[in-house]
Amino acid sequence: MIKIYRYGEVSNDEIFARPDLQTGVEDIVAGIIANVRQQGDSALFDYARQFDNAELSSLEVTEAEIDEAFALVGEEFAGILQRSAANIRKFHEAQKRQSFIINDEDGIVMGQKITPIEKAGLYVPGGTAAYPSTVLMDSIPAKIAGVSELVITTPPNADGKVNPFVLAAARTAGVDRIFKVGGAQAIAALAYGTESIPKVDKIVGPGNAFVAEAKKQVYGQVSIDMIAGPSEILAVADRKSNPRHVAADLLSQAEHDKNASAVLVTDSMELAEAVAKEIDEQLKTLPRRDIAAVSIENNGKIIVAEGDIRKALDIANEIAPEHLELCMDNPFEYLDAVKHAGSIFLGRNCPEALGDYFAGPNHTLPTSGTARFSSPLSVDDFVKKSQYTYYSKDALSRVYKDIAAFADSEGLHGHARSVRSRFEEEVD
């Protein structure tokens, strides 16, 4: 049974508690990374046998395997992939940045140059589910940004093959190369390179605790998108909401992971009790109920701010969820009140699953409260910004004394000398 709290009657520590994400895998991951750096492909083949029960003859997926995958998924699903990809492209094309130049003063030119990252790696999880949606969401922004080489790593099945839906999505998104490698070893391979897998400049994509820890440990050698925690949904629902719909939306995230978090904040105790009852009923027929039930029991909660939907929004901002649903008739009236959320779903007919698969905005989102200071994956994640400056001698002459004085104030007299030397015969 999901827990129900009356806001103000229990401590905020209890209401805002999050799952403990301490994993204790640091040393294991460090060992895997070191082994991949030393042994390269040989270590990857060994880990495929150890973790995936797969005896591989090669690490890279062939074009023939991708052709076979398209045949297996069928024309109907291939069409769905194309329509979803089109929506994702439309949204992310609008994110493209332009270089700029400022030259409104004589002899001074300044600007910013946008350059795509050359090589990016996308990790696609395996495990209890396949994620062709993640392939589209993470690959399409990279291609729009102009990444010249985009590679995927994903764990193989015991038969040595990759999930056909993942392969079909990869071709649809324009991925360049795909490798049959999962876990922390895949992150190590992307960060340092092996005989088969190219070293990349940035790694993106979700994964389990081992993958998250590996991304943390290789950061600095490469860039990463984020350290993703368990999936989260928070629904702010008013008293007129349909409890069956709200319960289904909460369970849509609870089924991801036993550590996932599903939260309802409402102004109505009546709705809270109805949703709790619906969750119990819907769990009985949910195929992934064993996962979802643990998530609901351990991390699910309903918070009631009786008669005060504005307070419900304040609570949502305090939690800063990955996914935020505003289940009400006039959601745009409250949009400005949302300060911290990864992705916002507006109205009664906008379930979070719409964003997972089809609408277009990205589904790789900040978790664990990091929406307070970070953003969804975007085209910006795959570009670099370089700035440049040009001054003529006349332009520099107008400001060199100011620059030198500034440098002297910091005790950096060599900086000051480098400017004065252009205008004075001798510098003390």
Side-chain angles (χ1 to χ4, degrees), residues 89-121 138 140-150 191 199-204 215-216 218-227 317 320 335-342 344 361-362 364-366 369-428:
R89 286 193 185 96
K90 180 179 180 180
F91 181 84
H92 289 83
E93 283 281 357
Q95 296 177 335
K96 291 174 68 173
R97 289 179 180 263
Q98 302 297 321
S99 299
F100 66 79
I101 186 169
I102 300 171
N103 57 354
D104 54 359
E105 292 186 55
D106 288 343
I108 300 174
V109 180
M110 296 177 290
Q112 180 171 274
K113 179 177 178 289
I114 304 294
T115 308
I117 287 172
E118 289 187 3
K119 295 181 179 181
D138 291 5
I140 289 172
K143 283 299 181 180
I144 290 171
V147 171
S148 56
E149 185 172 15
L150 177 62
K199 174 183 175 181
V200 302
D201 303 305
K202 183 157 191 171
I203 301 172
V204 303
K215 288 171 70 176
K216 187 186 301 184
V218 302
Y219 176 66
Q221 171 69 25
V222 293
S223 177
I224 62 171
D225 52 349
M226 63 187 76
I227 305 296
N317 282 326
L335 183 57
D336 284 348
V338 177
K339 304 301 181 185
H340 309 302
I344 307 164
N362 211 280
T364 298
L365 304 168
T370 60
R372 292 179 293 108
F373 52 78
S374 56
S375 307
L377 189 78
S378 72
V379 172
D380 283 348
D381 283 284
F382 299 99
V383 299
K384 303 172 296 174
K385 296 176 279 291
S386 300
Q387 56 194 28
Y388 57 87
T389 307
Y390 166 81
Y391 269 56
S392 68
K393 185 166 186 178
D394 182 62
L396 184 61
S397 73
R398 299 194 297 267
V399 298
Y400 86 92
K401 292 181 180 178
D402 291 344
I403 300 165
F406 214 142
D408 284 336
S409 77
E410 295 187 346
L412 298 176
H413 304 298
H415 284 61
R417 180 177 294 175
S418 75
V419 179
R420 289 192 181 110
S421 67
R422 287 164 166 77
F423 301 97
E424 300 175 359
E425 289 296 324
E426 293 183 4
V427 179
D428 294 334

Side-chain heavy atoms of His413 within contact of Asp408, under 4.5 Å: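 Yes; the side chains approach each other to less than 4.5 Å.
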
Tyr400 side chain near Glu424 side chain, heavy-atom distance below 4.5 Å: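 Yes, close enough: below the 4.5 Å cut-off.
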
Under a 3.5 Å distance rule, please check whether [X] uses its side chain to pair with a backbone N or O of [Y] as donor and acceptor.
| X | Y | result |
| --- | --- | --- |
| Arg422 | Val419 | no |
| Lys202 | Asp381 | yes |
| Gln387 | Gly111 | no |
| Asn317 | His340 | yes |

[X] atom [atom1], neighbour heavy-atom count above 12 within 6.0 Å:
| X | atom1 | value |
| --- | --- | --- |
| Phe100 | CZ | yes |
| Arg398 | CZ | yes |
| Lys401 | NZ | no |

Flag for Thr115-Lys113: side-chain donor and acceptor within less than 3.5 Å: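 Yes - a donor-acceptor pair under 3.5 Å links their side chains.
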
Salt-bridge criterion met for Asp380 and Lys96 (N-O under 4.0 Å):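 No salt bridge links Asp380 with Lys96.
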
Lys NZ or Arg CZ of Lys393 over Phe423 ring: under 6.0 Å, within 45°: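 Yes, Lys393 and Phe423 form such a contact.
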
Test applied, salt bridge (charged side-chain N to carboxylate O under 4.0 Å, His left out); reference residue, Glu149; option that passes from Lys143, Lys199, Lys119: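 For Glu149, the salt bridge (charged side-chain N to carboxylate O under 4.0 Å, His left out) test succeeds with only one of Lys143, Lys199, Lys119, which is Lys119.
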
Taking every non-hydrogen atom, the tightest pair across Asp225 and Leu377: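 Taking every non-hydrogen atom into account, CB-CD1, 3.8 Å.
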
